[in-house]
Amino acid sequence: MNRAFYERGVVDVARDLVGCVLRHGETAGTIVETEAYHETEPACHAFVGLTERTRILFGPPARAYVYRSYGIHALFNAVCEDEGVGAAVLIRALEPLEGIDLMRERRGLTRPEDLCSGPGKLAQALGIELHHNGSDLLGGPIAIEPGSESPELIAGPRIGITKAAELPWRFSAAGSRSVSRPWPKAQPSTRGQTPA
DNA sequence: CATGGGATTGACT
DNA sequence: GTCAATCCCATGC
């Protein structure tokens, strides 16, 4: 991936990231589920404006935004759009590809479909920690590479949020067993919309 | 300074 | 299906 890839509308990036490979050290997995977040809608952390917490979101694209969720889990996002615009793609699930034994060790589980089937799970499996916040995705320890194929996509509402829950900004590979939550009644994705 | 609320997960009924 | 764990941060007094 190059810088221009992340500098586009965050919904487009979220859709295009499904099928790509997220890598950290010896571990890697194919992205099967993403969500887009943008400063113009209240579910996004950047909605509150520029603070110490959201500084990375408003910074230049192609950086990692890693934050602690519910006091327990680390969640990994890829910062998108131009510098000054707060937007990022949350990586919600992977299909394990490399370093699966290391993932099992970190997660304390054996079944491959349980290793990365959630945003907190995949961060733990890949060893992504809070100190990776701000890490450069171009030439840094964490990288996203093009995938070998473009999967068929499903779009729907985002998971686990109470605000702006109507936006269909969740994308996943159709038929993957490694998604974080099952799809109620899946419908094919056509196009994403970029917020005004 | 006190408080409320999460972009979740795993264990339990 | 329900629910607690756990802590950072934004907000309000």
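Below, chain A is the first sequence line, B the second, and so on; all start at residue 1.
Note: CZ (A/Arg170) to P (B/dT8) measures 11 Å, nearest angstrom. Here B/dA7 presents its P atom at 13 Å from NE2 of A/His73, a figure rounded to the nearest Å. Taking atom CD1 on A/Ile72 and atom P on B/dG5, their separation rounds to 18 Å, with Å as the unit.
For the segment residues 172-182 of chain A, the set of residues with a heavy atom within less than 4.0 Å of an atom of DNA chain B is empty. Residues from residues 100-121 of chain A lying near DNA chain B, meaning a heavy-atom separation below 4.0 Å, are A/Arg107, A/Gly118, A/Pro119, A/Gly120, A/Lys121 in numerical order. Shown for residues 87-98 of chain A: residues whose heavy atoms fall under 4.0 angstrom of DNA chain B, namely A/Leu90, A/Arg92.
C/dA5 has no stacking from A/Tyr70 on its base ring, since the centres under 5.5 angstrom apart and planes within 30 degrees of parallel are not both found.
In secondary-structure terms, DNA chain C builds stems of at least 3 consecutive Watson-Crick or G-U pairs, each pair having both distances under 3.5 Å, at B:1-6 with C:7-12, B:8-12 with C:1-5.
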Next on the checklist: As a quick check of understanding, evaluate side chain to side chain contact (heavy atoms under 4.5 Å, CB included) for A/Trp169 and A/His38, giving each step before the final call.
Outcome noted: CA-CA 10 Å; A/Trp169 285 4; A/His38 192 272; 3.9 Å; yes
Checklist entry - Given the rule in the side chain to side chain contact (heavy atoms under 4.5 Å, CB included) test, do A/Thr34 and A/Arg92 qualify, once you have shown the distances and angles that lead to the verdict? => result CA-CA 5 Å; A/Thr34 63; A/Arg92 287 193 58 90; over 6 Å; no
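Applying the side chain to side chain donor-acceptor pair (under 3.5 Å) test to every pair with at least one member in residues 154-166 of chain A, sequence neighbours left out, gives these pairs: A/Glu41-A/Arg158.
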Pairs under 3.5 Å (N/O, protein and nucleotides 8-13 of chain C):
| residue | atom | partner | partner atom | Å |
| --- | --- | --- | --- | --- |
| C/dA10 | OP1 | A/Thr51 | OG1 | 2.5 |

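Judged by distance alone, the side chain of A/Arg106 and the main-chain N or O of A/Leu126 form a donor-acceptor pair under 3.5 Å.
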